[in-house]
Amino acid sequence: GDIAFRFINYVCSVRERQLQQKLKHHQNLSWQEIAESYLEDKFKSLGDSQVVVCDINKEMLKVGKQKAQQLGYSEGLSWVLGNAEELPFDDDKFDVYTIAFGIRNVTRIDLALQEAYRVLKPGGRFLCLEFSHVSNPLFSRLYDLYSFQVIPVLGEVIAGDWKSYQYLVESIRRFPPQEEFMAMIEDAGFLKVDYQNLNLGIVAIHSGFKL
């Protein structure tokens with residue numbers, strides 16, 4: 001739900017700026033008209049925007065819903081149990097598809113990418129945030145040492161769960177490098193595909209458009 005919450009914040013901030021610009025260019029509005037404009041914006045802060053959170057894990061959705069309730073998010077937000085490889089949505093439905101630290105865990109990445117392409121509207125954008133591969137050889141060796149020798153130990157000490165953190169490290173290493181994953185996104189039909197490395201490639205944001 002964290003990405004969804006940030007998207008909601010972004011949409012609300014954009015609409016707030018639009019309202020301020022509208023009021024700024026209508027200097028002759030009365031105080032009552034200004035108050036009514038703000039009141040309308042308060043109850044329609046997302047406009048026609050809708051955010052759908054989809055996950056295959058019921059418990060993850062449950063945690064997301066609880067967090068949304070605690071943080072006060074409710075408008076324009078829905079939760080759907082579904083598989084990224086066979087999404088329960090119609091074709092050409094969404095303007096934006098995002099997946100964060102999830103595509104690494106699907107069984108068939110190619111199917112998940114095809115489904116992302118299918119549910120996006122023409123002109124829609126695909127964005128993927130995922131652990132990736134470090135290009136600097138020296139930093140890569142240090143990162144491997146930390147990943148395999150430290151992370152599982154921390155998982156055992158803090159969470160009492162060595163295996164899950166061992167899997168985390170191994171799944172990151174099995175995930176395709178940036179250029180290879182970029183080619184997979186293109187194979188799914190996306191155009192103008194690109195990526196941006198963060199923290200020397202520990203994490204990367206991949207982007208593509210359905211055109």
Please check if [X] and [Y] belong to a single hydrophobic cluster, counting links between Ile, Leu, Val, Met, Phe, Trp and Tyr side chain heavy atoms closer than 4.5 Å.
{"X": "I8", "Y": "Y97", "value": "no"}
{"X": "V203", "Y": "I3", "value": "no"}
{"X": "L87", "Y": "I109", "value": "yes"}
{"X": "V52", "Y": "F126", "value": "yes"}
{"X": "L127", "Y": "F131", "value": "yes"}

Does the side chain of [Y] come within less than 4.5 Å of [X]'s, by heavy atoms?
{"X": "F209", "Y": "L120", "result": "no"}
{"X": "M60", "Y": "V63", "result": "no"}
{"X": "L129", "Y": "T98", "result": "no"}
{"X": "Q114", "Y": "L111", "result": "yes"}

Open item on the list: Could you check whether R173 pairs with E170 (Lys NZ or Arg NE/NH1/NH2 to Asp/Glu carboxylate O, under 4.0 Å)?
Closed with: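 No, no charged N to carboxylate O under 4.0 Å.
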To the nearest 0.5 Å, tell me how far [X] [atom1] sits from [Y] [atom2].
{"X": "K65", "Y": "S74", "atom1": "NZ", "atom2": "OG", "answer": "13.5 Å"}
{"X": "M182", "Y": "C128", "atom1": "CE", "atom2": "SG", "answer": "13.5 Å"}
{"X": "C54", "Y": "L81", "atom1": "SG", "atom2": "CG", "answer": "7.5 Å"}
{"X": "E75", "Y": "C12", "atom1": "CD", "atom2": "SG", "answer": "6.5 Å"}
{"X": "D55", "Y": "K62", "atom1": "CG", "atom2": "NZ", "answer": "14.5 Å"}

Identify the two heavy atoms, one from [X] and one from [Y], that lie closest to each other, and give their separation to 0.1 Å.
{"X": "L61", "Y": "V80", "result": "CD1-O, 3.6 Å"}
{"X": "Y117", "Y": "L211", "result": "OH-O, 4.3 Å"}
{"X": "S147", "Y": "V169", "result": "O-CG2, 3.2 Å"}
{"X": "R108", "Y": "E85", "result": "N-OE2, 3.0 Å"}
{"X": "I172", "Y": "S132", "result": "CG2-O, 4.0 Å"}
{"X": "D92", "Y": "K121", "result": "O-CG, 3.3 Å"}

Do other residues, nucleotides or ligands put more than 12 heavy atoms under 6.0 Å from [X] [atom1]?
{"X": "Y167", "atom1": "OH", "value": "yes"}
{"X": "D91", "atom1": "CG", "value": "yes"}
{"X": "Q66", "atom1": "CD", "value": "yes"}

Determine all donor-acceptor pairs shorter than 3.5 Å in which one atom belongs to a side chain in residues 184-198; sequence neighbours excluded.
from : atom 1 : to   : atom 2 : distance (Å)
Y195 : OH     : E179 : OE2    : 2.8
N197 : OD1    : Q178 : NE2    : 2.8

Open item on the list: Using the rule given for side chain to side chain contact (heavy atoms under 4.5 Å, CB included), can you reason through V51 versus F5, listing the C-alpha separation, both sets of side-chain angles and the distance that settles it, and then say yes or no?
Closed with: CA-CA 9 Å; V51 185; F5 303 153; over 6 Å; no
Open item on the list: Go through it in stages, so that I can follow the logic: the residues are D48 and Q50, the test is side chain to side chain contact (heavy atoms under 4.5 Å, CB included), and I'd like the CA-CA distance, side-chain angles, deciding distance and then a yes or no.
Closed with: CA-CA 7 Å; D48 296 326; Q50 296 288 323; over 6 Å; no
TODO: Kindly indicate, with the supporting measurements, whether the criterion side chain to side chain contact (heavy atoms under 4.5 Å, CB included) is fulfilled by I103 and L113.
DONE: CA-CA 9 Å; I103 203 163; L113 291 172; 3.7 Å; yes
TODO: Take R17 and V14 through the side chain to side chain contact (heavy atoms under 4.5 Å, CB included) test and state the conclusion after the steps.
DONE: CA-CA 5 Å; R17 288 197 300 272; V14 169; 3.4 Å; yes
Taking [X] for the side chain and [Y] for the main chain, is one N or O donor matched with an acceptor at less than 3.5 Å?
{"X": "N199", "Y": "I202", "result": "no"}
{"X": "H133", "Y": "F175", "result": "yes"}
{"X": "K210", "Y": "G124", "result": "no"}

TODO: Would you please name every residue forming a salt bridge (Lys or Arg N to Asp or Glu O under 4.0 Å) with R104, sequence neighbours left out?
DONE: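 For R104 the salt bridge (Lys or Arg N to Asp or Glu O under 4.0 Å) partners, ignoring immediate neighbours, are E130.
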